[in-house]
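Let me begin by presenting the structure, written as structure tokens, before commenting on it.
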Amino acid sequence: MRFLVPQPFTDEIGRHVEVPATVKRIVSLAPNLTEIVFALGEGDRLAGDTDFFIILPKPPKKNHGGDP
């Protein structure tokens with residue numbers, strides 16, 4: 001997902017967030033979000049995920065949330 005200009009969004013609790021023009025790294029804290037990252041073809045940008053990613057073939061070893 002490569003944007004040409006900053007993209008403003010409103011999150012679930014009403015905060016206004018602006019995503020920078022170029023997203024370089026993604027950290028996914030939920031398995032369903034990791035699947036979406038791969039489905040969008042952006043798995044190479046995944047910098048970290050969870051240990052519970054089980055639906056698709058396991059991606060290359062990344063940093064995992066909750067690891068000691």
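Position 1 is the first residue of the sequence, and the numbers go up from there.
Between atom CD1 of residue Ile26 and atom CD1 of residue Ile36 there is a gap of 11.0 Å, rounded to the nearest 0.5 Å.
When side chains are defined from C-beta on, Val17 does not count as touching Thr10, because their heavy atoms never get closer than 4.5 Å. You'll find the side chain of Thr34 stays beyond 4.5 Å of the side chain of Asn32, heavy atoms only.
Residue pairs that meet the salt bridge (charged side-chain N to carboxylate O under 4.0 Å, His left out) test with at least one member in residues 11-20, sequence neighbours left out, are Asp11-Arg15.
A chain of hydrophobic side-chain contacts below 4.5 Å, direct or via other Ile, Leu, Val, Met, Phe, Trp or Tyr residues, connects Phe9 to Val37.
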